[in-house]
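A note on names: the letters A, B, ... follow the listed sequences, proteins ahead of strands, and every chain is numbered from 1.
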Amino acid sequence: MIRCPNCGAINRDGSRSCRECGSALPQTETRCPNCGAPNPVGNLFCEKCDARLISPEDVVPPEAEPAEAESSPVKGISLPTRSMETEEDASDLPDWLLDLTDENEADLFSGETPRDEAEGEAPSEEAGYPDWLSGLVDEGAFEEGDASEGTSDEAPVAADELPDWLMETSQSDGSSPDHPHVEASEPVESADLIWETAEEGTPAGDGVRSDASYEGLPDWIAEQADPSIAGPETSSQPLPDWLIDRAVEMPPFEMGPARPLPAWLQPGDATSESGDFSESPVSEPLETEETEPAGLDWIAEAVEAGASSASETPGSEDSVSDPPRKSEESVTDGDMDLQPEEEEAGVEDLPDWLAEFSEPVPEEGEAVTPDRAPSKPVETADIAETEEAYDLDALPDWLSEDLDEAELEESEPEIQPPSSEPPSADEHPAEEEAEEALESEELPDWLAEVRSPEVPESGQTAGVFSEEAAEEPEEVLSEEVEPETEIPEEAPDWLRDIEPAEKASAAQIESPAFISSETEGEGSAVDKEPAPEIAEPEEMPEWLKNLQPSSPQPREQAEPSAASESDERLARANLPSWLQGLRPPEEGAGEAGPFAEGAEVEGLASAEIPDWVRALRPQPQAEGVSHPERRERAAPAEMEGPLSGLHGILASTSVVDIPSDTEVSLAGGVSQEVTEQAELWQELLASPRSAERTVAAAQRQRAAGRTWVRVFFSFILFFGVLAGLWILPPDLGLSQTPSSQHAPGIAPLRDRLEELQAGDAVIVAVEYGPAYSDEINAMAEALFEHLRDREVGVSFVSTLPEGTGLPQPVVAAVYGEDSPVGSRDYLPNGLQGIAGFLMSPVAQEAEHLIVLASRPLRVRWWIEQNTALQGIAGVDPLPMSVGVSASAGPLISPYLQERSVAGWLVGLPQALAYRELRGLDNAAYGALPDVLMLAHWIVAGFLFFGLLYYLAAGKKGAQ
Amino acid sequence: MELVGLIVGTVITLMIFSYLLGDNALYRWALALLVGGGVGYALGVAMRFLIFDWIVPAMGATDWQVSIVYAVPLLLGGLLLLKGFGRSKIAVLGNIPLALLLGVGAAVAVSGALTGTLIPQVRATGAALSLDRPLLGMVEGGIVVVGTIATLSFFSQRRRLSNEGGLRGRIQAGLRGLGQFFLVIALGVAFSGAITSALTAWVVRIQQLLELIDRLFFFGG
């Protein structure tokens, strides 16, 4: 989101003009010329296609000296990209700052300022950064300062006073080997300008600067200018023409009178200076991204002050061999040394915390590694040196307090080992985001400068430290012993300001790991980094008052009224979205949430919600009061089960909540028929399941009636037969045995069996079951008596497993103990078994075949297979006789009539007739034939009665 | 022993008669006893046949030809048992004896039906119309022929021809009706035979019941 610098309206990212007032919005995105993907302003290369967003011509100045660049061991270093500031934008700066700028420019460049050449967009808005935000800015400066090997050797800041992310940020110095190399068209920053200005005094192209040329410069500037001091990397820094020209015309620096420069700006400006400590030459400012070195003028003044001090102390170049002071340690690429004399000269007017930077580091022999030298501590130290001429009275109170506190802790230098492994850029995404957003925001020049040290976190680090140098940090450390500085124990206020905010917004800003690790370590440069304690200056401009710390911790130190005022200003401040995320939360904000209704979010202006939007906002209602138009239906009571009668026990599963006052009506209406059917269905469904169904009852009645009819006729038949057997005399003669006319198969059968000789074999096929044994056994008895009389051998075969055993009682009754029955063979597989058996030698040796069957199928099998033997050579069909039950007789009659069967018996009456034909007495059967006849009459009577009933009642009535 | 068998048979008979009152447990128990006893007896007979009629002779045979005669059916029977393994690959081997059984069975049935039923029945039907028979015989033969044709017409033409109009349709409808009549007569005769068979069993059973009562209560007097 982009906040309009004019009206404060929130606009979408990428908007070019405000949707409210139409004013131009700061550019937050840069379209990739290759793929069109939006990239944050400041990116040199596209995040998607790695295409170069800024042409090399815009980055590398034509005045760059390739010889120097090639001679430099640091390759591929370029300045980070940042929006250039235009002179027009400078008008947005406060007057006092503009005055400072103008004066610095006049003093340093004799009226010709880089701003004249630098054309670009200037922040269109006075970024009212609160103190906590300025702390971030300072943090960025510290980060830059951390980039140097061994930063401040002042009293270390307590690790617990620093937020983790800040400490990690401090660790993410520009020497990080993980930082990608980025060539950026970083605006010319004051340190570079100074360095290059000093370089102007040296013979061009040789890369070696005479000490005389640095006489007017402070040591740290001289170190920057002197490649012998600053290291080989520094010699490769090209200078723009305008700067070279200025350097030629620039008179020796003299410390001017101290100006009431806000101390909090000094580290920021110093940071911005440090941002120029890159070996890559500064190109001509881009038209769109030109950044005016806003802090250039005042830094120039500071440089003048340092130069004047340096001029008083000869041999500034000897500072290389001198024990490095804090400023030396904090020098990044420039290796700017400040002589003790210079420091002492300025210490009186410097705040203590700044003076600590001027304190010489007791350790000796430590040289500053250019590619790992942090920038911010150097800048801070430089400022401290330059501020010696400043009037403390002119400083704001909050700065004065910081200075006073710093004085108490100025001694105790401590050399800290440099951070060995700076984190990669992805370890501090919040800072990168801050940098990107800051770039996109309309920051004044000085803030842009202040922000510049933060940029190396993502991209400018590569501009400060080359990849090559970053890849071998340990070697550099081994070659050059770097001075280590000590950070004052007490953390500056701006750091303290950040801490609570950071804690509160820990979820929003993920602290880079390197901060915590650095903090937990032996002490990083940040830990020991002195920082001014920011207090609200008396003459602080209005926009600066908005930068007051808002976190609870600085409020304790600051005036309560000032804190509250700062809160209000912070609330009014136009902050970019990424900064809003860093805003320290208010007390109790965690409960209500930042977006809670009516909650005042600090620093955020109340949004103007249109009335129609407000009308859509849900109205809060009292608890338990339901919407009048959407009342919940009363839960229906349970109808069944243990929960019957209870309401609302089981959750309803209605898909659509129908209001209770809604009347359902059908447009077409319901016919009377449908209504009646529905009522009938409802009645049926409402009836209990246990109710008797008329249909079932009627069926049961009919079934019971049939049962009783069946039982009735059965009892009649039973008792009739029983009575006949019991009552009827045996010789009543109700029945007559069938004659030969009615039983044509009896006589042929008798004749055929009479032809059998003694010793002949007769095969009896038993093809009936137990149910027919009483009937067929009577026929078998008559036949076996005949066979016994003919002394014929008998063999039993059957296709039924139980078949051969059924005639056993008859055989026992006929033959007695001397049973001539031979084998009892079971013929498996039915029809095939019969065919196989008939072709077997046993069958072929037999003289006759008698089939006793209860069903026509079995008889047909035997008849068919026996007939089929006629076509087979060598096999003759057997003479065959059949004794079948009465049920199979009519169906087997065609076979019997066909004469393939010699004789047959059908049922018990023909068996008795056979006995009678043979001249035997049937007295043993007694009244059985008469009773059987009686039974037939009874059954015939039943059939006749049924016929009459059927005719009388009809078919439907009978059913 | 005979008495015990008589008692048991009488009790089981009464249990079967209980079906007159509807399906009940006594009837089902007696029916299950009949079926179970029959199956068990059949299994025993089949095993006896297999062991004593095939395996023992096969193992005791000294002649290799005799052994082959016994071994091949045993091998086929063993393969048929593999059908009990369901759909496994080894069950496929059971298809060999099964195919043999079906093929041989079909051949035996067709040959037997042709030579034992179809040809003799057609011949008998034609012989019924012999002119050398007496008039009554000729009428009888005519009835047989007409009845046979009418019955075949009933099963073959059915409604397709009878629904046709005209004289042909009416003739077909008449034959169809005549065939139905012969069928009813034939079924009636068969039913009468079934009734006769059932009444015979009924009377014999009751006679045995009376015999039991006479033995138990009148000591055979």
In terms of heavy-atom proximity below 4.5 Å to chain B, should [X] be classed as side chain, backbone, both, or neither?
| X | answer |
| --- | --- |
| A:L717 | both |
| A:A935 | both |
| A:F713 | neither |
| A:L725 | both |

| Shortest non-hydrogen contact between A:I863 and B:G116, atoms and distance |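 What the structure gives for the nearest pair is CG2-O, 4.5 Å.
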| task | Mind jotting down which residue pairs meet the side-chain hydrogen bond (donor to acceptor under 3.5 Å, both in side chains) criterion with at least one end in residues 22-33 of chain B? Sequence neighbours excluded, please. | result |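 Matches after skipping sequence neighbours: B:S18-B:N24, B:D23-B:R28.
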| task | Under 4.5 Å, heavy atom to heavy atom: which of residues 191-205 of chain B reach chain A? Give them by number, or say none. | result | B:G193, B:A194, B:I195, B:T196, B:S197, B:L199, B:T200, B:A201, B:W202, B:V203, B:V204, B:R205
| field | Any residue of residues 100-108 of chain B which, by heavy atoms, sits under 4.5 Å from chain A | value | B:L101, B:V104, B:G105, B:V108
| Where does B:Y19 contact chain A at under 4.5 Å (heavy atoms): side chain, backbone, both or neither? |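 Backbone of B:Y19 only, per the 4.5 Å heavy-atom cut-off to chain A.
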| task | Go through the atoms of B:L210 and report whether side chain, backbone, both or neither lie under 4.5 Å from a heavy atom of chain A. | result |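 B:L210 touches chain A through side-chain heavy atoms alone.
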| Please walk me through it: do B:Q121 and A:Y895 pass side-chain contact (heavy atoms from CB on, under 4.5 Å)? | CA-CA 8 Å; B:Q121 293 299 322; A:Y895 294 92; 4.0 Å; yes
| query | For B:V122, what residues pass the side-chain contact (heavy atoms from CB on, under 4.5 Å) criterion, not counting sequence neighbours? | reply |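 With sequence neighbours excluded, B:V122 shows a side-chain contact (heavy atoms from CB on, under 4.5 Å) to B:L118, given in chain and number order.
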